[in-house]
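First the structure, in the form of structure tokens, and then the observations on it.
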Protein chains: 2
Amino acid sequence: MKIEEEIKQSVFKSEYQKAYINVVYTSGYLQQAQSTLFKPFGVTLPQYNILRILRGQYPKPATISLLIERMLDKTSNASRIVDKLEAKGLVTRKQCPSDRRTVDVLITEKGLQLLEQMDSLEGGKGTGITNLSEDEAAQLNLLLDKIRNK
Amino acid sequence: MKIEEEIKQSVFKSEYQKAYINVVYTSGYLQQAQSTLFKPFGVTLPQYNILRILRGQYPKPATISLLIERMLDKTSNASRIVDKLEAKGLVTRKQCPSDRRTVDVLITEKGLQLLEQMDSLEGGKGTGITNLSEDEAAQLNLLLDKIRNK
DNA sequence: TACAAATATATGTACATACATTTAATGTAC
DNA sequence: GTACATTAAATGTATGTACATATATTTGTA
């Protein structure tokens with residue numbers, strides 16, 4: 001559906017303003033879809049993202065700083081999301097001996113197994129961007145990268 | 001900057017997965033920029049969005065349902081955002097006489113003046129999508145609309 | 001009319017975000 | 001080596017999101 005219909009606003013100041021709203025709206029749309037998909041697994045989207053980063057590091061641990069650096073939303077609070085994951089037994093946290101300010105966060109076997117289950121879900125229909133051709137997806141990536149050119 | 005560099009992940013499962021992450025990341029990037037811009041005015045982004053909808057209706061009031069329908073994030077809680085705006089004197093809320101279940105929310109003079117100030121900000125550099133040509137913005141809109149084709 | 005279903009809004013709770021502050025450990029200048 | 005700045009992580013607080021539930025009102029229907 002066109003963005004005009006989605007938010008029932010027919011007039012935009014410019015194609016730019018429309019694009020801004022469209023990016024934000026589509027992001028919400030995609031995240032909500034994925035969040036619904038993940039619900040049965042008992043992890044939220046931010047928690048899932050942290051788990052994926054940790055799997056990328058595995059079997060090395062990651063510090064909180066590294067998690068922040070790689071998170072999609074850099075201003076979010078990694079400490080507290082790791083709290084939740086730790087409470088569920090999906091990660092462990094222990095003080096790093098060489099620099100006692102930092103914390104080694106490591107995904108557990110249980111965490112790895114959970115991700116594997118969730119992968120099978122993603123493997124099928126994927127990320128929600130199923131209506132585009134590969135070329136269109138690539139084109140979209142170019143345009144989005146260009147937006148962030150500082 | 002390319003999304004690969006932004007989140008320091010060099011490998012994606014597909015152009016689709018990359019596009020998903022890119023949409024979400026870029027949305028956060030744009031919103032954070034706008035939020036920073038708006039900070040001095042003492043309203044958050046969701047609050048600003050509600051104010052804009054109310055101005056669109058002015059001098060007619062809007063119900064909470066109408067606000068939800070037009071909000072970018074439809075699952076958010078309009079009632080509580082209106083609470084905050086009311087506390088700041090930017091909107092008024094009163095029970096509608098013809099249907100006492102509904103509430104008439106109306107932007108105040110103070111709210112209109114605030115928006116006008118903020119417009120001047122937006123009017124200049126605009127929405128953050130300043131690196132695209134008009135054609136590219138239009139192309140982006142097409143691709144994003146297509147993603148949401150159910 | 002009575003009464004169940006639908007609608008509009010508000011509220012409770014868990015989680016996350018945004019941003020400032022705190023605490024502890026490390027690095028560096030003198 | 002003490003003093004001060006820097007860094008890493010945690011914590012406090014206000015706001016917002018997601019979702020379930022509650023409350024009041026209206027609508028539809030037997």
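We name chains A, B, ... by the order of the sequence lines, and we start the count at 1 in each one.
- Non-hydrogen atoms lying under 4.0 Å from DNA chain C are contributed by Arg93(B), all within residues 86-100 of chain B.
- With distances taken from any side-chain atom of Lys84(B) to the nucleotides dA20(C), dT15(D), dT13(C), the minimum falls on dT15(D).
- Tyr20(A) is linked by a side-chain hydrogen bond (donor to acceptor under 3.5 Å, both in side chains) to Gln34(B), counting only residues two or more places apart in sequence or in another chain.
- Counting any heavy atom pair closer than 4.0 Å across all strands shown, Lys39(A) reaches sugar-phosphate atoms only and no base atom.
- Note: CD1 (Ile50(B)) to P (dT9(C)) measures 12 Å, nearest angstrom.
- Residue contacts shown for Asp73(A) are limited to sugar-phosphate atoms, with no base heavy atom under 4.0 Å away.
- The CZ atom of Phe38(B) sits 10.5 Å away from the OG1 atom of Thr44(B) when rounded to the nearest 0.5 Å.
- Judged by closest nucleotide on DNA chain D, Ser79(A) is the one of Ser79(A) and Thr36(A) placed further toward the 5' end.
- For Gln47(A) and Ser35(B), each mapped to the nucleotide of DNA chain C holding its nearest heavy atom, the one lying further toward the 5' end belongs to Gln47(A).
- A salt bridge is absent between Lys60(A) and Asp104(A): the closest approach of a Lys/Arg side-chain nitrogen to an acidic carboxylate oxygen does not fall below 4.0 angstrom.
- Residues Leu142(A) and Ile129(A) fall into different hydrophobic clusters, defined by Ile, Leu, Val, Met, Phe, Trp and Tyr side chains chained together at heavy-atom separations under 4.5 Å.
- Within residues 64-71 of chain B, the residues having any heavy atom closer than 4.0 Å to DNA chain C are, in order of number, Ile64(B), Ser65(B).
- Residues Val82(A) and Arg80(B) each lie close to DNA chain D; by heavy-atom proximity, the contact nearer the 5' end of the strand is made by Val82(A).
- For Glu69(B), the side-chain hydrogen bond (donor to acceptor under 3.5 Å, both in side chains) criterion is met by no residue, not counting sequence neighbours.
- A side-chain donor-acceptor contact under 3.5 Å links Thr108(B) to the backbone of Gly89(B).
- Rounded to whole angstrom, the span from the CG atom of Asp83(A) across to the P atom of dT17(C) amounts to 13 Å.
- Within the nucleic acid shown, Leu45(A) has no heavy atom closer than 4.0 Å to any nucleic acid atom.
- Side-chain N/O atoms of Arg101(B) and base N/O atoms of dT9(C) include no donor-acceptor pair closer than 3.5 Å.
- Considering only residues two or more places apart in sequence or on other chains, Gln139(A) meets the side chain to side chain contact (heavy atoms under 4.5 Å, CB included) condition with Glu136(A), Gln139(B), Leu143(B).
- Judged by distance alone, the side chain of Asn22(A) and the main-chain N or O of Leu144(B) form no donor-acceptor pair under 3.5 Å.
- Straight-line distance from the CD atom of Gln31(A) to the C1' atom of dC15(C): 14 Å, rounded to whole Å.
- Phosphate proximity of dT7(C) to Thr102(B): absent, as no side-chain N or O sits under 4.0 Å from OP1 or OP2.
- By the side chain to side chain contact (heavy atoms under 4.5 Å, CB included) test, Leu112(B) pairs with Arg55(B), Tyr58(B), Ile107(B), Glu109(B), sequence neighbours left out.
- Atoms NZ (Lys74(A)) and P (dC19(C)) sit 16 Å apart, rounded to a whole Å.
- Comparing atom distances between the Ile81(B) side chain and each of dG16(D), dT17(C), dA9(D) picks out dG16(D) as nearest.
- Distances from the side chain of Thr63(A) to the nucleotides dA9(D), dA16(C), dG16(D) place dA9(D) closest.
- Here the C1' atom of nucleotide dA14(C) and the CG atom of Asn77(B) are 14 Å apart, to the nearest Å.
- Thr36(B) contributes a side-chain N or O that, together with a main-chain N or O of Gln32(B), makes up a donor-acceptor pair within less than 3.5 Å.
- Rounded to a whole Å, the CG atom of Leu85(B) is 11 Å from the P atom of dT15(D).
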